[in-house]
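Structure first, then comments.
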Amino acid sequence: MNLYLAPVQGMTIAGYRNAFARIFGGIDEFYSPFVATADHKKISTSLLKDILPEHNAAQVKVIPQLLGNNGDDFSIFSSAIYEMGYKEINWNIGCPFPMVTNKKKGSGILPYPDMIENFLDIVCARKPYTLTVKMRLGLESSEEGLRVMEILNRYPLGGVIIHARTGIQMYTGSVDPDSFEALASACRHQITYNGDIFTYDDYIRVSKRFPYIKNFMLGRGALSDPFLPALIKGKTVPPAHKMSMIKEFHDEIYMYYQNILSGDKHLCDKMKEFWSYISVHTDRDGKLMKKIKKCHTSANYLQAVNQILCSPDGWSGTPLR
Ligand SMILES: Cc1cc2nc3c(=O)[nH]c(=O)nc-3n(C[C@H](O)[C@H](O)[C@H](O)COP(=O)(O)O)c2cc1C
């Protein structure tokens, strides 16, 4: 069984992935947040800085992800990525944000199988790397995904990751296991399940429902509970050690952002995002998040979070909300 960390824009960047792998483990491959392709004749390294090998620990397996609907642009970006040493690249056809979908990108391309065919004709004719796809059930309905799967089946892909929601659901509502099953059975490629694995019991439920699925991608569940992937792999951490590991993780990410962001405000805003996930297991009464939201200086921020980070019983094994 393989576990993958889902790409989460603004969160699962190089510093986060490196710290996660070293401190918590349990993840076999880390998908990078998407880079949007565009009409560039030459790709400057600043566009790809998150995946530059010098920013990524050698033992962390990263799968770069690209978003776009133009096969020529994609090929230029993917050549540059291949030249950095990556052998696998993921195509995002799942992003649900209207700014993306309105341009027929992300899940916005799912109602247009002809565009997908045209894209894959161009990309697959040239690619020396393995191409994988991350998709949703459809933009508005799972019938769209089934039509797309007929096209995907015709190309030499390394696998398909399915987030079991439609694009218009965004991140709300529930996943749709029946539609996932229909799409997975129609797919001749290796499938990865993605969506709403927040606890060990969620993982057990999904793996029992789909015993033929061997790959699982975790996003918000792993960001909220970084012990979850290792737990799924059978490794438990004594509860008394958990908060010190969270502190180590927090401090590494804080330092990482301190080095790359200018000004306390940006740093505090970034760390608020970090806590929006971690607080699910640490903030019993909502007071911590309220305090963090009010912080605009690093001194205030550190004062607010150190109390919880230094409390040995600050971690709740089950989600608090
Ligand atoms: C804030 C945010 C940013 C995301 N960014 C990306 C992204 O860059 N690329 C991508 O394929 N999916 C992205 N996703 C979707 C996740 O990778 C994942 O498919 C989704 O959260 C469902 O999995 P989960 O229920 O385990 O979180 C993002 C999700 C969130 C909440």
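Just so you know, ligand 1 is whichever comes first in the structure, and atom 1 is the first atom listed for that ligand. As the structure is a prediction and not an experimental result, all values here were calculated from the model.
Taking the six-membered ring for Trp and the full ring otherwise, the centers of Tyr16 and Tyr256 sit at least 6.0 Å from each other. Between Phe274 and Phe249, the distance from one ring center to the other falls under 6.0 angstrom.
Below 30°, between 30° and 60°, or above 60°: for His281 and Trp315 the angle between ring planes is below 30°, a parallel geometry.
Counting heavy atoms from C-beta on, the side chains of Val148 and Met135 come closer than 4.5 Å.
Around ligand 1 you find Ala6, Pro7, Val8, Gln9, Pro33, Phe34, Gln65, Asn92, Lys134, His163, Tyr171, Asn194, Gly195, Asp196, Leu218, Gly219, Arg220, each with a heavy-atom distance below 4.0 Å.
Taking a cutoff of 4.0 Å between a charged side-chain nitrogen and a carboxylate oxygen, Asp28 and Lys233 qualify as a salt bridge. Salt bridge annotation for Lys270-Glu273: present, with a cationic side-chain nitrogen under 4.0 angstrom from a carboxylate oxygen.
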